[in-house]
*Asks:* 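Below is one structure. I have some questions about it.
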Amino acid sequence: MSQETYPDFSGTVAGEASHNIFRHTEMPVLAVVIPCYNEAEALPLTMPRLLEVLDTLVDSKKISPSSYVLCVDDGSKDDTWQCILDLHKKDHRVRGAALTHNRGHQYALLAGLMTAAPHCDAAVSIDADMQDDPCAIIEMTDCFRNGAEVVYGVRRSRATDTWFKRNSARAFYKLQNAMGLQSIYDHADYRLMSSRALGILSQYREQNLFLRGIVPLIGLQTAIVRYDRHERVAGDSKYPLAKMLAFSVDGITSFSAKPLRWIFMIGLGLLVTDIAVAVYVLCSYFGGDTISGWSSIMLSIWFLGSLILMAIGVVGEYVGKVFTEVKARPRFNIRETI
């Protein structure tokens, strides 16, 4: 069993040693990293399509024949790991890493990227459900060979989404921008990163992972490849509404302190309101125009009580993140690799 490991860049400028591995006169080694959780049904359908893309790139001499696919089993409860072993026996370009227990999509993805980093010139992350078009990897590789070190896969449209999902996604991205996050609109975790970019990524050691917010902070040359999103090849979505909302909150609170500032501004606004109400009450009292105010008092108590609880919840979210960070526990442990 091994804990999280990273490429060795000690004594170099961020990622410099890794960047020198690939020279554009040679064919780069490409790793395709797939985080997997209960994907035993999808992987046998996914793998032939990914290997076909690798074959196309190898035949056109755009990547090295040593390129491979790395599947990361995120503590699956089904036969995902056995499926990876079977696929490896059929084609040794299929490799695997099994985490000791379920850590979540972002941690499994990071584990795969860090495992692949010392053995590739670039890595593409893609989900096992094949909703992201694997053919976009060809264009991503072209962008990489032309100098881009981070290539974002961006959905061409959301025409196939429901009204709720389309508008909730739009609201989420707008909220992220309002919070100061450098997110890429309609980009999930389908991207290519050079070994240099992976080296810089390894220096971001926070426990609360939100890779969509971290990667834009790397600051290297970027490009965008647009693609059409499809239906899952098999299985069920691993991100129901509740999980998506939790992921959204985690992303915002991991990168912005603005919610805390908003609490202060709301409190300041309520203080101004209280002063105005106090003036009104005093004027009514001394003018002998006081009336029974049971309804207004009850509404005020419930309103202010709700705001106080919300404020405590927001503060608690940040305190919880600090608590997690200061313990500095390993973000993942790898049980086995093939």
*Asks:* Hey, does R191 have a side-chain heavy atom less than 4.5 Å from the side chain of R212?
*Replies:*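 The answer is yes, as the side chains (C-beta and beyond) meet within the 4.5 Å cut-off.
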
*Asks:* Compare all side-chain heavy atoms of L192 with those of V225 and state whether any distance is below 4.5 angstrom.
*Replies:*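 A side-chain contact under 4.5 Å is absent here.
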
*Asks:* Work out which heavy atom in I84 is nearest to a heavy atom in C71; give both atom names and the distance.
*Replies:*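 For I84 and C71, the tightest heavy-atom pair comes out as CD1-CB, 3.6 Å.
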
*Asks:* Please report the interatomic distance CG(D74) to CG(L109), rounded to the nearest 0.5 Å.
*Replies:*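 Result: 10.5 Å between the selected atoms.
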
*Asks:* Where do T222 and V150 land on the side-chain contact (heavy atoms from CB on, under 4.5 Å) test, with the steps shown first?
*Replies:* CA-CA 5 Å; T222 64; V150 179; 4.0 Å; yes

*Asks:* Under the criterion side chain to side chain contact (heavy atoms under 4.5 Å, CB included), which of V72, L70, L110, V33 is the partner of T115?
*Replies:*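 Of the listed residues V72, L70, L110, V33, the side chain to side chain contact (heavy atoms under 4.5 Å, CB included) partner of T115 is L70.
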
*Asks:* Look at the side chain of N333 and the backbone N and O of T100, then say whether any donor-acceptor pair between them is shorter than 3.5 Å.
*Replies:*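 Side chain of N333 to backbone of T100, a donor-acceptor pair under 3.5 Å: no, none is there.
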
*Asks:* Has the side chain of E39 got a donor or acceptor atom that lies under 3.5 Å from a matching backbone atom of T80?
*Replies:*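 Checked: no pair found.
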
*Asks:* Rounded to the nearest 0.5 Å, what separates atom CD1 in I214 from atom CD in Q203?
*Replies:*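 Result: 12.5 Å between the selected atoms.
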
*Asks:* Do the side chain of N38 and the main chain of S76 share a donor and acceptor less than 3.5 angstrom apart?
*Replies:*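 Not confirmed, N38 side chain does not pair with S76 backbone.
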
*Asks:* Could you state the interatomic distance from CZ (F144) to CG (L30), rounded to the nearest 0.5 Å?
*Replies:*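 Separation between the atoms: 8.5 Å.
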
*Asks:* Do Y204 and L211 have side chains that approach each other closer than 4.5 Å (heavy atoms only, starting at C-beta)?
*Replies:*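 Y204 does not reach L211 side chain to side chain.
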
*Asks:* Looking at every non-hydrogen atom in both residues, tell me the closest pair between A116 and A31 and how far apart they are.
*Replies:*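 Closest approach of A116 to A31, heavy atoms only: CB-CB, 3.9 Å.
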
*Asks:* For a quick check under 3.5 Å, do Y37 and N102 share a side-chain donor-acceptor pair by atom type?
*Replies:*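 Their side chains do not contain a donor-acceptor pair, so the 3.5 Å distance test is not met.
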
*Asks:* Taking all non-hydrogen atoms of both residues, which atom of C120 and which atom of S195 are closest, and how far apart?
*Replies:*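 Scanning both residues completely, I find the closest heavy atoms to be O-CB, 3.6 Å.
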
*Asks:* Quick one: does NZ or CZ of R103 land under 6.0 Å from the six-membered ring centre of F332, within 45 degrees of the ring axis?
*Replies:*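 Cation-pi check for R103 and F332: fails.
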
*Asks:* Say whether, by atom type as modelled, one donor and one acceptor occur between the side chain of H88 and the main chain of V94 under 3.5 angstrom.
*Replies:*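 Judged by distance alone, yes, a pair lies under 3.5 Å.
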
*Asks:* Using atom types as modelled and distance alone, determine if a side-chain donor or acceptor of H187 lies under 3.5 Å from a backbone N or O of G153.
*Replies:*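 Pair found, side chain donor or acceptor close to backbone of G153.
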
*Asks:* Among the clusters formed by ILVMFWY side chains lying less than 4.5 Å apart, do M114 and L217 turn up in the same one?
*Replies:*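 Same hydrophobic cluster.
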
*Asks:* To the nearest 0.5 Å, what is the distance between CD1 (I338) and NZ (K89)?
*Replies:*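 Output value for this atom pair is 9.5 Å.
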
*Asks:* Mind checking the CD-CD1 spacing from E139 to I224? Nearest 0.5 Å is all I need.
*Replies:*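 CD1 of I224 is found 11.5 Å from CD of E139.
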
*Asks:* Identify the two heavy atoms, one from R331 and one from Y107, that lie closest to each other, and give their separation to 0.1 Å.
*Replies:*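 What the structure gives for the nearest pair is O-CD2, 3.4 Å.
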
*Asks:* About how many Å separate CE of M140 and OH of Y190, when rounded to the nearest 0.5 Å?
*Replies:*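 Spacing of OH (Y190) from CE (M140) equals 4.5 Å.
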
*Asks:* Taking the side chain as everything from C-beta on, heavy atoms only, tell me whether L43 gets closer than 4.5 Å to C36.
*Replies:*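 When only atoms from C-beta onward are counted, C36 and L43 do touch, with a gap below 4.5 Å.
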
*Asks:* When you look at M193 and L220, which way does the side-chain contact (heavy atoms from CB on, under 4.5 Å) test go after all the steps?
*Replies:* CA-CA 10 Å; M193 299 181 68; L220 299 176; over 6 Å; no

*Asks:* How about Y227 and C135: do any of their side-chain heavy atoms sit closer than 4.5 Å?
*Replies:*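 Contact flag for Y227/C135 side chains = no.
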
*Asks:* Checking I334 against L99 for the side-chain contact (heavy atoms from CB on, under 4.5 Å) test, could you report, in this order, the C-alpha distance in whole Å, the side-chain angles of both residues, the deciding distance, and whether it holds?
*Replies:* CA-CA 4 Å; I334 297 177; L99 304 189; 3.9 Å; yes

*Asks:* Find out whether R229 and D132 are in side-chain contact, i.e. whether some heavy atom of one side chain is under 4.5 Å from a heavy atom of the other.
*Replies:*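 A side-chain contact exists here, since the closest heavy-atom pair is under 4.5 Å.
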
*Asks:* I'd like to know if the side chain of R156 and the backbone of R226 have a donor-acceptor N/O pair within less than 3.5 Å.
*Replies:*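 Pair found, side chain donor or acceptor close to backbone of R226.
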
*Asks:* Taking only Lys NZ, Arg NE, NH1 and NH2, and the carboxylate oxygens of Asp or Glu, determine whether K61 and D59 approach each other closer than 4.0 Å.
*Replies:*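 Salt bridge between K61 and D59, a charged N being under 4.0 Å from a carboxylate O: no.
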
*Asks:* Determine whether a donor-acceptor pair (N or O, by modelled atom type, separation under 3.5 Å) exists between the side chain of R145 and the backbone of K62.
*Replies:*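 Yes, R145 side chain to K62 backbone: donor-acceptor pair under 3.5 Å.
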
*Asks:* Report the residue from S64, P65, S66 that forms a side chain to side chain contact (heavy atoms under 4.5 Å, CB included) with V58.
*Replies:*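 Exactly one option meets the side chain to side chain contact (heavy atoms under 4.5 Å, CB included) with V58, and it is P65.
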
*Asks:* Are any of the side-chain heavy atoms of L50 and I34 separated by less than 4.5 Å?
*Replies:*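 When only atoms from C-beta onward are counted, I34 and L50 do touch, with a gap below 4.5 Å.
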
*Asks:* Can you list the residues that meet the salt bridge (Lys or Arg N to Asp or Glu O under 4.0 Å) rule with D127, with sequence neighbours excluded?
*Replies:*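 With neighbours one apart ignored, the set is empty.
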
*Asks:* At their closest point, which heavy atom of A123 faces which heavy atom of L198, and how far apart are they?
*Replies:*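 The answer is CB-CD1, 3.9 Å.
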
*Asks:* Going by heavy atoms in the side chains, are Y68 and V29 under 4.5 Å from each other?
*Replies:*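 A side-chain contact exists here, since the closest heavy-atom pair is under 4.5 Å.
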
